[in-house]
Amino acid sequence: MLIAVFAPFLAPFHPVDDADLMVSDEPPSMEYLFGTDNQGRDVLSRVIYGARISLSVGLISQLFNTIIGVVLGLSAGFFGKWWDDLVMGLTNIMLSIPSLIFALAVMALMGPGLFNVFLALGLTNWSYTCRITRSQTLTARNQDYVKAATALGYSKIRIMFTQVLPNIAGPILVIATLGVAGAILLEASLSFLGLGVQPPTPSWGGMLSAAREQLFTAPWISIFPGVAIFITVLGLNLLGDGLRDILDPHTSTQRG
Amino acid sequence: MTETELLLEVDNLQTHFFSFDGVAKAVDGVSFNLKRGETLGLVGESGCGKSVTALSIMRLIQSPPGKITGGRILFNGTDLLKLSNEKMRRIRGDRISMIFQEPMTSLNPVYTIADQIKEVFVNHRNLDKKAAFKKAVEVIRKVHIPSPDKRAEEYPHQLSGGMRQRAMIAMALACNPDILIADEPTTALDVSIQAQIIDLMLKLKEEFNAAILMITHDLGVIAEMAQRVLVMYAGRVVEEGTTQEIFDNPLHPYTRGLMNAVPVIGRRATEGRKRLQEIPGVVPSLFDLPKGCAFHPRCPEAFDLCRKMRPDMSAEPGVHRAACWLAQPRPGEIQSCPAEAPVSGEAL
Amino acid sequence: MLKVEDLKVHFPIKKGLLSKTVGKVHAVDGVNFELKAGETLGIVGESGCGKTTTGMATINLLKPTSGRVLYQGRDMASLDKQELRDLCKEMQIIFQDPYSSLNPRMVVRRILGDPMRLHGIARGKELDERVDYLMEKVGLTPEQAGRYPHEFSGGQRQRIGIARALTLKPKVIIGDEPVSALDVSIQAQIVNLLIDLQKEFGLSYVIIAHDLAVVEYLCDRIAVMYLGKVVEMTDYKNLYTCPKHPYTQALLSAVPSSHPNVEKTRILLEGDVPSPINPPSGCSFHPRCPKRMEICEKVRPEIKETGTGHTVACHLY
Amino acid sequence: MLAYACRRLIQFVPTLLAISLIMFLLLNVLPGNAALMAAGDQDRNVDTHYIEQMKKDWGLDKPLWERYVIYLKDLATGDLGLSFLRRESVGDLIAQRLWPTLKLALVAMTVAILLGVPLGFYSAMKRGRLADTFTMMGAVSGVSMPQFWLGLLLMYLLAVKFPILPPQGYGDGDFVNVIMPGFTLGVGYMALLARTTRAAVVEILTTDYIRTARAKGLSEVLINRKHVMRNALILVLTTAGLQFGALMAQTVIVEKLFSWPGLGSLLVDSIFQRDIPITQGCILTIILIFLTVNLIVDLLYGLIDPRIRVSYK
Amino acid sequence: ARSGGTIYFVAPYGGDVFSLDPHNSHRTQDSIISLNIHKCLYEWSPEKNMPVLALAESVKISPDGKVYTFKLRPNIKFHNGRQLTVDDVIWSYNRIMSLKPASNGSRFVRPILGAKEVEDGKAKTIKGLKKIDDLTLEVTLTEPVDLKYYLFWVNTCILPKEEVEKRGKSFMTNPVGCGPFKFVKWVKGSKLVVKKFDDFYLEGRPYLDKVVYNIMPESASRDLAFKAKKLDATIVGAVNYPQYLADPVYGKNLLEVAEMFTRHIGFNQSFKPFQNKKVRQAINYAIPADLIVKKLLKGKAYPARGYLPISSPAFDPKGKKYEFDLKKAKQLMKEAGYEKGFTVEQCVGTANKSWGTGIYEAAMPYLKKIGITLKIQQMEGAAMAERLRRGEYQMYIWSVGSGPDPLESLHRFHSNNAQAGGNFIAYNNPEFDKLLDKAAHTFDQKARIDLLKKADAVFVEDAPMWFFNYNKAVLASQPWVHNLSKVAVEMMYQDMTNVWVDDKSPRANEK
Ligand SMILES: Nc1ncnc2c1ncn2[C@@H]1O[C@H](COP(=O)(O)OP(=O)(O)OP(=O)(O)O)[C@@H](O)[C@H]1O
Ligand SMILES: Nc1ncnc2c1ncn2[C@@H]1O[C@H](COP(=O)(O)OP(=O)(O)OP(=O)(O)O)[C@@H](O)[C@H]1O
Ligand SMILES: [Mg+2]
Ligand SMILES: [Mg+2]
């Protein structure tokens, strides 16, 4: 995260403008710590700038996912009846359409662009969040404190947002962190098929797949973004596990 | 084998849980003994260490975070704490067995009742599957489950709570153990079912002549089942005696408080609604026990000494005794100059 | 004050993705009672007999399948939204489980304050004062209002639950097993608190419990439920001295004795409580009844008055 | 059980219809069309006459709703239509590709289960220790390892450096050909299953019935084998079932890498070529498989979990 | 030459083979294989770099260039054993014109008199095809075009009527032709096997017993498979080219040819700055095409001079070439009044490595120097094809076929060819048009070529595009493979008739 924010200060070169074809495909050296890519751009700088794109792809699209998933899941779980059936039907459909295919179709439809990548990924993966939110809502809805709120004359919307949502935020957050990792990887797959973030903007997935043919001739070009993805995914997974522990009422009550 | 044969001797048992917040001395120096054919009741409030005591005897404390840090558990003279895992495993379910509070979750949902009882015979008696099944049906019949052949092949979720608890009992008694530890066996059950189970246990005890360690927080159950009673508070035994003694002449203020806190059915009709006696305050956290006697902040009879020093048991195991300064001669030097002991309000 | 007439609550049993209704749970199957001002009514019965459901339907947390709940003569079903909200100020509920009945993400001050703000009972400084007042009333200190529920013990939480029920100054409080989850030593504190509050505020209680001793101690009149029906209703004295329904008798005898010297003759019931999905024909207690007669299998006994204020539904009388 | 299965099968219909509509709309508003693609790979002079001819022949000039109605009519008779570019029946095309993809997915799933489940189990047993951390880190790297990396690496190692496996291709359906792609595809899912298994086992280990089993004096080995395994299986099975659908759709990269004649590459190629009938057919097939697999998982569930078995009746 | 053995070849383009009925196919991928199963009147000769007679033994062309009289070889047999006659030719061409959906071969037959009427359903048979006898065919054209450049495409192959009708749809997957190899089997999406046709009309050929085509779209996998010796020959991608060049074994066996594809960036004339010729020229001067070819394409391309590629008969080696000259570029920009530069918002392109958005990326820093900023939009082929036809772009980067017939190639930019017809840049220059029209009516080969050279020069001077490069197709083969040829139309169009393997091949005796 920090790396992403401070990219301009950390990166030794500009990821796009400092391209120099004369030094393309240079292996790592003192000047270019991670080597250069086929366009003669500093891989280190691109990895650092790529963090911005990849993380924002992950975060923003996951934000979309989470909002869609939570709103639908919460309302479905809470209001039930035909609305629940409808939302669950939709969720099941989304769940069964392969996410890559759906993202692919959305991308092809909306055309290229960073924002569209956010949107495509953001529209794709909400079904899981939605299911979890709904099932959590169903559990939370039957908690005594929710009944108490009803007895105290709270309106449904108020109960939904003040009583239910804060209590199911934990699992949702955990899914969201894992989803960020998923989105980063999905963007990489989209890039593989040529529909990811627009060049020359560096994204890890894009760098990785752009350099896949050079895996054996110039391994540094793809290894470093690969490692960056690995570390991020690992970090997010650990963060997810950590959040799970922190937000688990069992552990937190024991603390008290 | 005489009536007074000593089966189990627990001596200064210490079981602690190690967590980030500190060490919880869940069981802190518990001593008692158990004779063949006897039912020993273990009462106390939630979290006072009853289950941990039982699990320590079975050596089933989750580790980490738990650990038995001291004491001895002599079973027929051998120290269970010194046995190898393998040897201990052979004792479990065979010589000492245990039933748990939650009959709903204590049975594996994916195996039939017979399957789960069979295991005991296969494990401890090396029976083949067929013979084990026969034996299983036999014990199921013993615990008065109707149509045992049919029920044996059913899954736990197909049985009612009471039946599941019977199945648990059948499983525990399968190998005719010397000691049966029952950890709140009826708490999760309805009153009428509870009566059935208590009745059953009493009958089976006669038949098997096992010793029972009966854990409960319901004094009524104790009154009906136990010959002797241990009262625990915050990880320690605070009073021991025969049931009669405990009910008629409780030594420890905590025991007295318990007795008076429960409404007795029918008493209102005869004596009118007398205010129930409360034990003020809350059960202390194990991480943060008060100095001196752990009960003193809630004790109506507490005095200076209680706040400074923890009282030990007033006598050796086996007689009516309590861990209270009121029930025993106080240490000489303090007794002589009680005024010198400063009252420290901060001890609270 | 509060009158429940032939209350029935049936839950549909749904199955499969098509949610076909395959049966009904007769959770509450015709319950009648009346609650007078300042009175305490007890409801006892075994697990699953419909006590909670009755309570929930009474304060309109559940919609009855049929029957009426009248509050001060007005049928609740006929009230509009605003009137229902106002009804909240009249009737409140205390839950059994002190752990799940408080929102774990809210501090106590909000738990107690929000409803009052919502109903415009108090705001600003006045609100804080009232929260402090309530805290003290239930035996907690005002300073503790800044804490989260998990920082309290079970007994203290139950006190908060009671304080919350009092926020809107209700006249009737329904206690759904308010002490069952508590330790013996804490139970007495809460029981005493309930009695004190009743005296002070002139409350009427409906206390739901399965512990006969507690109910007898707290309540003026007691209804014994079995499988969704009230089988016996009487005052506390009669309940102990002359229980009439065989089920009540068995229930009483099943209560463990209070002293090793008290010898009890137990009436052991056979079998388990039948499922409310297919209640037995006739008297629903007949399969377990030690005194069953032929008629019990076929005819459902009507509730009969067998003495002043003592009603029972049994063919023996 | 049979009745239950039938009922579930009938419930597929509305889902499939909804999906077909969504996908139909989505695909038909995509820019570009098959006729352009058919005019040649843009490598020769373009024949406009031909393009118009194509559009007419394929009905691309008709309004959208009319095309959907026609499509539905065909679908009702089990006809998935004719591929635009391949001029073959989509049904046949899919039939040819289905087995290779299923084979690939099954091998991958087997790899994932055979490696992932024991790994998760092991990790759960050693939870909190170093071995656990390492195993789970390995699992995460399995997830974040791009398939084409792993595939190429394996290919390099096992076909070039130590030529023990064919580098690519379907061969004549020989088993040796499926090993590498299957493994490549399976590793990511293995990691996922390892995590699920670990979580499931950790949870089960704290249940009361495991405590009961211990109290019975059963050995740890027996407890794990009998009591933990079966319960964990239930949870693992759901994950595996849900994942299977994803797996079927994620085969494209591996298929391209290993020249595997599967549905995934057919699907993705057809999207790029705007061959709508194939795309539709593939998606419906994949979803049908997904639904079927989940149905099977559900039914299997019943076999393993007696609690559910009863409710089928 | 040694007879026998099997060769493992590769079909590298865009996934599966679709159809082995060339009338019903439009893809390079399909033709690679069809080429060896089917035959046409003409075939491509790599040596002569133009089409030569194949099924026909001789041809007589009338002076006005409108009547061709073909004499077929007498010994041509279809794989089912039947003799091929003029009837088959006529039937095949009629089929091409009347297929539904339309056949991609139709445009090659359309110049024949009466073909269009058949296509439009107005006639049953093509009027311009006349059977003189079983082996003599008279073809009348509507316009004098150089028919060899039309009837050599495998899409115009001659098929046996009875087999096509018998097999119906399955003919596409199980074809019968008269080429050197017979179809054996096809594992969809993975590989395709053909085996020697013993009755092939050339005595003693083919040498090979079997050819296995592996369908391998991923270049990295191809590379590994080749190194694992599971491929006898493979097309080499830019990334691996230096490695192959340096390889002691493979380096000597590389076949290189300038393929007839011209990679370029097209300028949309409706974008104001691009209306100025000086701007277009400035861009041509500003981007170091040679350097990009060397670095990004690893030298695997020939920097472009004009539009027509090196292997085109009308290529002019002395023609004007825009050499990298930043000063001149700046000067031109200044003259054009764009000293401050401008931003090109829609630079469309695909993800292709050699002629996709990567080239924009490489060009960007250089264009920046003359003030031009690029905004890249990467998309897939289908979407791009539509945008090009609609003119919804400001710059596109693409590779288009620019051969083998130079006239046809240049005709793409004739003003009467619509944007949708391939003149994406909507080029319109009367001078250019005139030269092309004249060339079309000139039958003297040399004079015609000269006219076309001139036309290309006009085009280059106008600079409606940035001329990037002509693909250098590189075929690597194992040392035991002989007689593969440099095919300028498309390197992978390898006619296996003359290819043989020596006994060092691990598959020397595989049947
Ligand atoms: N696995 C564990 N980890 C940490 N602390 C534990 C664990 N098990 C028990 N404890 C602590 O040990 C103390 C005693 O617990 P125990 O279960 O013996 O109480 P109990 O008397 O059986 O209560 P209950 O009546 O509620 O069953 C409790 O304070 C509990 O917090
Ligand atoms: N929402 C529901 N849907 C279906 N059945 C329900 C629902 N709520 C309760 N029931 C069923 O209705 C019956 C009565 O339930 P209720 O909770 O009122 O019993 P109770 O007397 O309060 O029991 P307990 O003492 O266990 O709290 C039970 O059989 C229960 O399973
Ligand atoms: Mg316990
Ligand atoms: Mg209840």
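A note on names: the letters A, B, ... follow the listed sequences, proteins ahead of strands, and every chain is numbered from 1.
- To the nearest 0.5 Å, the span separating OH on B:Tyr111 from NZ on D:Lys226 amounts to 5.5 Å.
- Looking at B:Asn123, the atoms closer than 4.5 Å to chain D (heavy atoms on both sides) all sit in the side chain, from C-beta outward.
- Using modelled atom types, no side-chain atom of B:Ser106 and backbone atom of D:Thr212 make a donor-acceptor pair closer than 3.5 Å.
- Of the listed residues (B:Met171, B:Glu102, B:Met98), the greatest number of heavy-atom pairs within a distance under 4.5 Å of chain D belongs to B:Met171.
- Side chains of B:Glu119 and D:His227 form a contact here, defined as non-hydrogen atoms less than 4.5 Å apart.
- Using modelled atom types, one side-chain atom of B:Arg89 and one backbone atom of D:Gly217 make a donor-acceptor pair closer than 3.5 Å.
- When heavy atoms are compared at a cutoff of 4.5 Å, B:Leu107 approaches chain D solely by way of its backbone atoms N, CA, C and O.
- Counting heavy atoms of neighbouring residues, nucleotides and ligands inside a 6.0 Å radius, atom NZ of D:Lys126 does not exceed 12 of them.
- Interface remark: B:Met88 contributes no atoms to any contact with chain D (heavy atom separation under 4.5 Å).
- The contact between B:Gln116 and chain D is made by backbone and side chain atoms together, counting heavy-atom distances below 4.5 Å.
- Heavy atoms only, all atoms of each residue included: B:Leu60 and D:Arg214 are closest at CD2-CB, 3.3 Å.
- Within 6.0 Å of atom CD in D:Glu203, 12 or fewer heavy atoms from other residues, nucleotides or ligands are found, so the atom counts as exposed in its surroundings.
- Taking chain B as the reference chain and counting heavy-atom pairs below 4.5 Å, the highest number among D:Ile204, D:Thr206, D:Ile210, D:Asp208 is found for D:Asp208.
- Within 6.0 Å of NZ in B:Lys135 there are 12 or fewer heavy atoms belonging to other residues, nucleotides or ligands.
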Checklist entry - Can D:Glu220 and B:Asn85 be said to form a side-chain contact (heavy atoms from CB on, under 4.5 Å), step by step? => result CA-CA 10 Å; D:Glu220 287 298 309; B:Asn85 280 339; over 6 Å; no
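- Exactly one of D:Asn231, D:Thr207, D:Ile223, D:Val228 qualifies for a side-chain contact (heavy atoms from CB on, under 4.5 Å) with B:Asn108. That residue is D:Asn231.
- Applying the 6.0 Å contact sphere to CZ of B:Arg125 captures more than 12 heavy atoms from other residues, nucleotides or ligands.
- The residue among B:Met58, B:His124, B:Arg90 with the most heavy atom pairs within less than 4.5 Å of chain D is B:His124.
- Residue with the most contacts toward chain D among B:Val120, B:Ile96, B:Thr105: B:Thr105 (heavy-atom pairs, distance under 4.5 Å).
- Heavy-atom neighbours of B:Phe18 CZ from other residues, nucleotides or ligands within 6.0 Å: above the threshold of 12.
- With a 6.0 Å radius and a threshold of 12 heavy atoms from other residues, nucleotides or ligands, D:Phe183 has its CZ atom at or below the threshold.
- With a 4.5 angstrom heavy-atom cutoff, B:Ile181 does not touch chain D via any of its atoms.
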